[in-house]
Amino acid sequence: PSCLAEFCYLIGPGEGGCDIQVGDQLVLDGVRCPITAIGETALESFRQLGHLTVRFDGADLAAQPGTMHVRQPAIPPLSAGTDVRFLRVR
């Protein structure tokens, strides 16, 4: 919704599945952010709606069911053209 535009970064559809797990990394323009927690509905919302809420606080437990938490002291700058990826670290 347009009322959330100032808080949202829109990305296009990706390739492959959506089997993201705690311990994987969210990579924003090469800045690796380890995933520390994933809410119970976060991945389903991401698969179905393309929506994912990310908190950069390193929490071990998800604050909300639709939230993913990553360990990163500051939110990397985001702009049109930012490369957004998930990286399996195993």
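Along the sequence shown, the residues carry numbers beginning at 1.
With hydrophobic clusters built from ILVMFWY side chains whose heavy atoms lie under 4.5 angstrom apart, L26 does not share a cluster with V31.
Just one residue in the list D24, T53, L52 forms a side-chain contact (heavy atoms from CB on, under 4.5 Å) with M68, and that residue is L52.
For A62 against A37, the heavy-atom pair with the smallest separation is N-CB, 3.7 Å. In this structure, T36 and V22 approach most closely via the heavy-atom pair O-CG1, 3.6 Å.
Residue pairs meeting the side chain to side chain donor-acceptor pair (under 3.5 Å) criterion with at least one partner in residues 55-75, sequence neighbours excluded, are D57-H69. Counting only residues at least two apart or on different chains, no salt bridge (Lys or Arg N to Asp or Glu O under 4.0 Å) pair has a member in residues 28-39.
By the 4.5 Å heavy-atom criterion applied to side chains, F46 and I38 are not counted as neighbours.
Scanning for salt bridge (charged side-chain N to carboxylate O under 4.0 Å, His left out) contacts around E40 gives an empty result, with sequence neighbours left out.
Under a 4.5 Å side-chain heavy-atom cut-off, the cluster of Ile, Leu, Val, Met, Phe, Trp and Tyr residues that includes V89 is completed by V27, L87.
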